[in-house]
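Values reported hereafter were calculated over all heavy atoms of this structure, with side chains retained and with hydrogens, waters and symmetry mates removed. Being a predicted model, the structure only gives us computed values, none of them experimental.
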Amino acid sequence: MKGKNTILFFLIVALIAGLAFVAVNGISIGKFSISPVKDDLKLGLDIRGGVSVVYEAKTDETGANLAKTMEQTKQIIGRRINELGLTEPVITLQGEKRLRIELPGVANAQDAINVIGKTAVLEFDLVTGSVAAAEGMDVSEFEHKQLLTGINIKDAYVSKNSYNQPVVAFKLDSVGTDLFAEGTRTASNNGTSRGQIAVVLDGKVISAPGVSKVIADGEAIIEGNFTYDTANNLAMLIRGGALPVQLEEVQTSVIGPTLGLNSFNSAIKAAIYGVILVILFMVIFYRIPGVIASIALTLYATIVVYVMVGLGSTLTLPGIAGIVISLGMAVDANVIIFERLKEEMKVGKSLRASIDGGFHRAMSTIIDSNVTTFIAALILFAFGEGPIKGFAITLMIGIISSMFTAVIVTKSLLRLSLTFTDRKKLYGSRG
């Protein structure tokens with residue numbers, strides 16, 4: 001039995017060491033490979049760099065109407081930014097009429113700003129007069145009747161026409177399908193002639209295709225002198241929807257990655273030095289339990305970073321603070337357990353009974369402190385914005401991981417360690 005426990009102890013330690021090694025260095029075996037965690041972690045604006053933009057709404061609305069308009073604008077910009085594939089954008093309302101947008105890791109800040117800030121009022125207009133619409137014309141230069149707007153478009157994406165040229169394909173909702181079918185029926189005189197429907201973006205014609213048949217299935221394409229990039233930008237604007245208010249850019253700040261990475265590296269160094277000091281203290285003061293706690297803390301750190309990668313979380317400097325705080329709570333839980341263990345040994349109990357009694361007595365204190373902190377983190381996540389949410393997420397992940405490692409892993413390794421020795425002095429007892 002002792003031999004099995006010894007083998008199991010070293011298997012667990014080897015597994016933890018292996019996970020930590022893979023997290024730091026990655027692994028590659030033939031076609032199978034796992035990259036280091038640092039390559040997969042998403043970094044926030046304060047670490048990775050990016051751009052921060054403040055917009056002001058040009059509107060005379062006030063009160064509840066203004067608040068509703070600004071919230072709508074915030075949601076639409078959020079959808080547009082997600083279309084750009086940016087990492088965890090931070091969008092916050094400042095005062096009554098201002099929006100602050102933080103975009104981490106943006107390669108071309110100006111392009112992103114141009115796409116986000118466009119009003120993008122999209123219309124499909126039936127040309128009713130004798131003057132034909134043409135690309136680049138102002139909507140006031142020809143007679144027209146509005147058929148539908150961008151709000152009726154369910155999806156839009158880049159496709160190719162029969163000449164292998166980029167086009168914007170779109171699908172309409174049920175209302176838009178009916179309106180478009182009626183519009184194409186009128187334009188083509190029920191399919192017997194060739195009329196024209198102008199696609200108008202922000203008052204300018206971007207495409208003016210001829211219509212010779214009724215389109216009743218709710219799917220069509222916009223043709224024009226598109227490159228792939230211009231077609232893709234238009235598709236993104238259509239999918240994102242039209243802003244309910246005009247925005248004026250009032251402030252732009254570009255954050256270079258050098259400053260952020262220096263801060264990140266400094267934080268990592270501080271965390272490493274802190275962990276080393278904690279491990280030394282635990283080993284010197286608690287001996288074998290201190291060594292086991294250090295092993296459990298290694299597993300804790302590995303779990304936290306892998307969970308963050310799995311959830312696609314973005315690491316920010318406040319997030320690092322959340323990890324450090326939860327690390328401190330993990331250490332605190334071990335200290336409480338080990339102090340209870342020493343008290344149990346002091347009254348003459350055996351090591352095994354002392355371990356069980358120490359964990360039992362410490363459990364209520366550990367659960368109370370972790371649950372109250374977890375509730376606070378939930379509140380921060382529910383009501384906070386941006387970096388506050390990042391701090392809350394890492395704190396919650398850290399609390400759950402610390403509970404697992406401090407209670408289950410530490411207890412299991414302590415029990416297995418009894419196969420090596422039963423000397424109480426090696427477990428922190430002074431008696």
Side-chain angles (χ1 to χ4, degrees), residues 20 23-24 36-38 40-50 52 87-92 100 102-105 253 255-282 293-294 296-336 366 369-406:
V24 174
V37 167
K38 66 179 182 180
D40 295 329
L41 265 179
K42 298 177 181 178
L43 302 179
L45 182 71
D46 52 358
I47 298 174
R48 188 179 177 185
S52 173
T87 305
E88 196 175 302
V90 179
I91 309 172
T92 53
R100 181 181 183 87
E102 296 181 354
L103 310 173
S253 302
I255 299 174
T258 303
L259 177 62
L261 286 175
N262 285 341
S263 301
F264 176 70
N265 291 332
S266 297
I268 294 297
K269 283 182 181 179
I272 291 172
Y273 294 149
V275 168
I276 291 173
L277 289 174
V278 167
I279 290 174
L280 288 175
F281 170 80
M282 297 288 284
S294 302
L297 290 177
T298 302
L299 178 61
Y300 155 84
T302 306
I303 290 173
V304 168
V305 293
Y306 272 125
V307 169
M308 289 189 67
V309 170
L311 293 177
S313 301
T314 299
L315 183 64
T316 62
L317 292 177
I320 294 174
I323 294 174
V324 172
I325 289 173
S326 57
L327 174 63
M329 294 183 68
V331 173
D332 183 58
N334 281 297
V335 169
I336 293 171
I366 294 170
S369 63
N370 280 276
V371 167
T372 52
T373 307
F374 193 87
I375 291 171
L378 278 175
I379 293 171
L380 286 175
F381 180 79
F383 296 101
E385 291 283 352
I388 302 299
K389 280 185 180 286
F391 171 80
I393 289 172
T394 54
L395 184 56
M396 286 189 287
I397 294 171
I399 288 171
I400 296 171
S401 302
S402 68
M403 284 287 291
F404 171 74
T405 55

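Minimum interatomic distance between Ile303 and Ser401 (heavy atoms only, all atoms of both residues): CG2-OG, 3.3 Å. Between Arg100 and Ser52, the closest heavy-atom pair is NH2-OG, 3.0 Å. Scanning all heavy atoms of the two residues, the minimum distance from Ser369 to Met329 falls at O-CE, 3.9 Å. The minimum heavy-atom distance between Ala330 and Ala406, with the atom names listed, is O-CB, 4.4 Å. Here the shortest heavy-atom pairing between Asp40 and Val309 reads CB-CG1, 3.8 Å. Listed here is the closest heavy atom pair of Ala377 and Ala392: O-CB, 3.3 Å.
Residues Leu297 and Val331 are in side-chain contact: their nearest non-hydrogen atoms beyond the backbone lie under 4.5 Å apart. You'll find the side chain of Leu299 reaches within 4.5 Å of the side chain of Phe404, heavy atoms only. A heavy-atom distance below 4.5 Å is not found between the side chains of Leu395 and Phe374. Looking only at side-chain heavy atoms (C-beta outward), Val37 and Thr302 stay at 4.5 Å or farther from each other.
Separating the CE atom in Met396 from the CG atom in Leu380 is a distance of 8.5 Å, to the nearest 0.5 Å. Atom CG of Asn334 sits about 8.5 Å away from atom OG of Ser294, to the nearest 0.5 Å.
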* side-chain contact (heavy atoms from CB on, under 4.5 Å) assessment of Thr373 paired with Ile325 -> CA-CA 10 Å; Thr373 307; Ile325 289 173; 5.6 Å; no

* Ile323/Tyr300 under side-chain contact (heavy atoms from CB on, under 4.5 Å): CA gap, chis, key distance, verdict -> CA-CA 10 Å; Ile323 294 174; Tyr300 155 84; 4.1 Å; yes

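Legend: residues meeting side chain to side chain contact (heavy atoms under 4.5 Å, CB included) with Val275, ordered by chain and number and at least two apart, are Ile279, Leu327.
Proximity of a side-chain donor or acceptor of Asn370 to a complementary backbone N or O of Ile366 within less than 3.5 Å is detected.
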